[in-house]
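What follows is a set of notes on a single structure, which appears directly below.
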Amino acid sequence: MIKFVDLFAGTGGIRLGFEQAMSDMGIKTKCIKSSEIDKKSCETYQMNFDEDAYSDIHDVEINEDFDVMLAGFPCQAFSYAGKQLGFADTRGTLFFEIERIIKKNRPRLCLLENVRGLTTHDKGRTFATIIQKLHALGYHVEYRLLNTSNFGVPQNRVRIY
């Protein structure tokens, strides 16, 4: 069984895809912690998974071993549609909460998701910082820009995974 956490969970889209992929391979999963601060998203998450995900990532402590971290951390600070303040925007610093949890819990795999603007923000320095932080924790990093429309989702959304 693969134990996982679902951080910045939103309504549970990343979790849903992860659980479906694991199920297709005959692998059982168990979510040991989900976290989302938006109350409306939490209402939908509750309906989708019968779990209360409401918590502030700054307060999240995970005291149980888990294998996989799923985290679609906030994108507004890196999005072409926003002000692109990056780490100068408090939402842009939330990656460092992911780093904190990885450092303590050492999951075997981390699946992170964000907007494609993350790769070019501040001439690529923001993305380079994130990669460097993950390498410093001992993780090998591979990433892909993928468009959801290529995977049966009825929208044109390019994201980095």
Side-chain angles (χ1 to χ4, degrees), residues 1-25 27-79 81-82 86-87 89-119 126-127 130 133-134 137 139 141-149 151-161:
M1 174 176 300
I2 293 180
K3 293 181 182 180
F4 70 95
V5 298
D6 189 15
L7 307 179
F8 307 100
T11 59
I14 295 174
R15 175 181 176 168
L16 182 62
F18 178 75
E19 287 181 327
Q20 286 177 349
M22 294 298 101
S23 178
D24 288 351
M25 293 187 286
I27 300 170
K28 293 184 182 206
T29 60
K30 178 181 179 186
C31 182
I32 64 160
K33 177 67 178 171
S34 52
S35 176
E36 173 56 50
I37 199 165
D38 182 81
K39 290 184 180 184
K40 291 293 183 188
S41 294
C42 287
E43 289 174 14
T44 303
Y45 198 92
Q46 177 78 37
M47 287 188 285
N48 287 339
F49 302 104
D50 197 27
E51 291 177 21
D52 181 11
Y54 185 75
S55 60
D56 185 323
I57 193 69
H58 297 96
D59 300 327
V60 170
E61 293 292 334
I62 304 166
N63 296 314
E64 181 178 343
D65 289 338
F66 61 93
D67 305 295
V68 178
M69 172 189 283
L70 308 175
F73 58 107
C75 62
Q76 298 93 329
F78 314 111
S79 174
F87 294 145
D89 180 330
T90 55
R91 296 170 296 189
T93 63
L94 293 175
F95 166 77
F96 299 109
E97 292 300 316
I98 292 171
E99 179 188 26
R100 172 184 63 83
I101 293 167
I102 291 172
K103 189 174 195 174
K104 178 186 177 218
N105 295 95
R106 300 289 184 182
R108 295 174 64 189
L109 175 76
C110 302
L111 176 63
L112 309 180
E113 177 270 341
N114 212 285
V115 294
R116 73 173 148 191
L118 178 64
T119 63
T126 301
F127 189 59
I130 290 170
K133 295 288 186 182
L134 293 169
L137 290 170
Y139 286 83
V141 178
E142 291 189 24
Y143 58 91
R144 303 283 184 275
L145 282 173
L146 301 173
N147 190 329
T148 57
S149 67
F151 298 92
V153 178
Q155 60 183 225
N156 189 30
R157 284 176 67 124
V158 178
R159 294 289 184 265
I160 185 161
Y161 297 88

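These numbers come from a predicted model, not from an experiment.
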Less than 4.5 Å apart, side chain to side chain, heavy atoms only: is that true for [X] and [Y]?
X	Y	result
S34	F49	no
L7	S35	yes
Y139	I102	yes
D52	Q46	yes
L112	I98	yes
F18	D6	no

[atom1]/[X] to [atom2]/[Y] distance, rounded to the nearest 0.5 angstrom?
X	Y	atom1	atom2	answer
M69	I62	CE	CD1	6.0 Å
I2	F66	CD1	CZ	13.0 Å
F95	L134	CZ	CG	4.0 Å
Y143	L118	OH	CG	10.5 Å
K133	F96	NZ	CZ	6.0 Å
R116	L145	CZ	CG	7.5 Å

For [X] and [Y], which heavy atoms make the closest approach, and how far apart are they?
X	Y	value
M1	D67	O-OD2, 3.8 Å
Y45	C31	OH-SG, 4.4 Å
F4	L70	CD1-CD1, 3.7 Å
Q155	T148	O-OG1, 3.1 Å
A9	E36	N-OE1, 3.3 Å

Point to revise | By side chain to side chain donor-acceptor pair (under 3.5 Å) - contacts of R100 (at least two apart) | key: E61, E97
Point to revise | Non-neighbouring partners of D59 that pass side chain to side chain donor-acceptor pair (under 3.5 Å), sequence neighbours left out | key: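 So D59 forms no side chain to side chain donor-acceptor pair (under 3.5 Å) with any residue.
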Review point. Only one of K33, R15, K30 clears salt bridge (charged side-chain N to carboxylate O under 4.0 Å, His left out) with E51; which?
Key: R15
Please say whether more than 12 non-hydrogen atoms of neighbouring residues, nucleotides or ligands are located less than 6.0 Å from [atom1] in [X].
X	atom1	result
N147	CG	yes
D56	CG	yes
K28	NZ	no

Practice item. Start with the C-alpha distance between K104 and I101, add both sets of side-chain angles, then the distance that settles side chain to side chain contact (heavy atoms under 4.5 Å, CB included), and finish with yes or no. Key: CA-CA 5 Å; K104 178 186 177 218; I101 293 167; 5.9 Å; no
Review point. Taking it one step at a time, do L111 and I14 satisfy side chain to side chain contact (heavy atoms under 4.5 Å, CB included)?
Key: CA-CA 9 Å; L111 176 63; I14 295 174; 4.3 Å; yes
Check your understanding: Which is it for H58 and L94 under the side chain to side chain contact (heavy atoms under 4.5 Å, CB included) test, yes or no, and what are the steps along the way?
Key -> CA-CA 9 Å; H58 297 96; L94 293 175; 3.6 Å; yes
